[in-house]
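Side chains included, hydrogens not; waters and symmetry mates left out as well; all remaining heavy atoms used.
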There are 2 protein chains.
Amino acid sequence: MFMENNTAVRIREMAHDLIADRGYFGFSYADIAETVGIRKASIHHHFPSKVDLVVATLKEYRAKLAEAAGGLDQSIADPLQRIKLYVQYWAECVKSNSRPICIAALLSAELPALPEQIQAEVQLHFKYLVSWIRTTLKEGARNGSVHLEQSAEVEAQSFVALVHGAMISARALGSPEIFSSITKGALERFQPER
Amino acid sequence: MFMENNTAVRIREMAHDLIADRGYFGFSYADIAETVGIRKASIHHHFPSKVDLVVATLKEYRAKLAEAAGGLDQSIADPLQRIKLYVQYWAECVKSNSRPICIAALLSAELPALPEQIQAEVQLHFKYLVSWIRTTLKEGARNGSVHLEQSAEVEAQSFVALVHGAMISARALGSPEIFSSITKGALERFQPER
DNA sequence: ATCAGACTACCTACTAGTAGGCGTGGATGC
DNA sequence: GCATCCACGCCTACTAGTAGGTAGTCTGAT
């Protein structure tokens, strides 16, 4: 049967929560064991090492992103609207304080100290995200629904950086509204006729 | 005599290096002891607890920022030029990989897991930085040397977020140039006549 | 004589990870 | 139909190593 192991999923989800809260070094198998309601050693049965667990968490995270992005590409005709929905998703995460930060961005901050396999996954996430934004912006620029002042590549890089920075500022200042007000301005700048 | 304790300074500087590399949970007194050439226990003589050390490091960091910002305010007439020099400072840090990330931004990522005193220091840093950028942008807007599309507050918040996000993207992608290309665009947008 | 600043030696708590046992449940052989 | 098997999930009990922190001692300069 292909029924995915339920406990493994719960462990991975808990790992995601904890990483979003504290980063790689800030959580332990003991933390996960407690909240999942399992013993420490049992986690090793599903994920032999902490690196395995975090790599799996990042792979799943990227798969979910790809799935969501693909869904938007298919169901929303207007490219700018797709990006607005992406921002709106994060605005809600920030507001409700549920995983209010991109774990790839968080792990990138700690990057030099992380095991190589995790570094590689983090880099893949950034590459995928920037590439999706770039492609979407390009499509919008082509059909005139998006206005770009610089190359699509630089605009995409800037947008990703702004969104991640906004998450961090919102966390630092304890103010979810800051995320919204920062990203609102960036989205307006993409509007063609002003 | 007011000659500040040399060892304490070296410990603090090393702490800064290590935090910029790995974050709060990623370094230990043992790491510092090794590189400073002192025993672990001796660090406790200067900084009784890890919290004390990190708070002191953040206070010094903020003092240095205030000193540099004040210096720019006095010696550089053009507000936009002051901000350009601020960005240039970071561009060089990123390029040379010496403390290539703002430790307040990095610690903000791990914020929920940090001791309260450290959270407070991180928040103070953000408040000071945003306030300096806001004041500087406002001055530029008043004398016509800076063009703002939104309120100075939102523009300042956005700019700080963009710079921090750019540091993180540069780290994730292992490419210092990304920091420069992202920030270049943001600075151009402040230019009044285009 | 004092005292800052370093030391040795130690503590407890926690880390990731391992060894090996136990029970369940589904597949297999007869 | 029934006994056997065995993989799986989870467990207890443990390891070596490291974390931050403490107690008490030595030393050298004022």
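- Distance A/I11 CD1 to C/dG17 P: 14 Å, rounded to the nearest Å.
- The side chain of A/H46 places no N or O atom within less than 4.0 Å of a non-bridging phosphate oxygen (OP1 or OP2) of D/dC8.
- For C/dC7, one of the phosphate oxygens OP1 or OP2 lies less than 4.0 angstrom from a side-chain nitrogen or oxygen of B/S42.
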(message) Applying side-chain hydrogen bond (donor to acceptor under 3.5 Å, both in side chains) to A/Q157 and A/E153, what does each step give before you reach the verdict?
(response) CA-CA 6 Å; A/Q157 290 282 6; A/E153 171 65 22; 3.2 Å; yes
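- As rounded to whole Å, 14 Å separates atom C1' of C/dC14 from atom CZ of B/F25.
- With a 4.5 Å cut-off on side-chain heavy atoms, B/R99 and B/C93 do not count as touching.
- For B/S28, a side-chain nitrogen or oxygen approaches OP1 or OP2 of D/dA19 to under 4.0 Å.
- OP1 or OP2 of D/dG9 has at least one side-chain nitrogen or oxygen of A/H45 nearer than 4.0 Å.
- Counting all heavy atoms, side chain and backbone alike, A/F47 lies closest to A/Y29 at O-OH, 3.0 Å.
- The interatomic distance linking B/L114 (CG) with D/dG20 (C1') rounds to 16 Å, in whole Å.
- Regarding contacts with the backbone of C/dG5, every side-chain N or O of B/T7 stays at 4.0 angstrom or more from both OP1 and OP2.
- Spacing between atom CZ of A/F47 and atom C1' of D/dG9 amounts to 14 Å, rounded to whole angstrom units.
- Taking atom NE2 on A/H44 and atom P on C/dA16, their separation rounds to 7 Å, with Å as the unit.
- B/F27 comes within 4.0 angstrom of the backbone, heavy atoms only, and of no base.
- Rounded to an integer number of Å, the gap from A/L53 CG to C/dG17 C1' is 14 Å.
- Of the candidate nucleotides D/dG21, C/dA16, C/dA6, C/dA6 has the atom nearest to the side chain of B/I38.
- Checked by atom type and distance alone, the side chain of B/R134 never pairs as donor or acceptor with a backbone atom of B/A156 at under 3.5 Å.
- Between the CG atom of A/D31 and the P atom of C/dA16 there is a distance of 8 Å, given to the nearest Å.
- When each of C/dG17, D/dT22, C/dT15 is scored by its nearest atom to the side-chain atoms of B/A41, the top-ranked nucleotide is D/dT22.
- One can place CG of A/D52 at 12 Å from C1' of C/dA16, the figure rounded to the nearest angstrom.
- Below the 3.5 angstrom threshold, one finds a donor paired with an acceptor across the side chain of B/K40 and the base of D/dG20.
- Each of B/I19, B/L106, B/V51 was compared with B/Y24 under the side-chain contact (heavy atoms from CB on, under 4.5 Å) criterion, and only B/V51 meets it.
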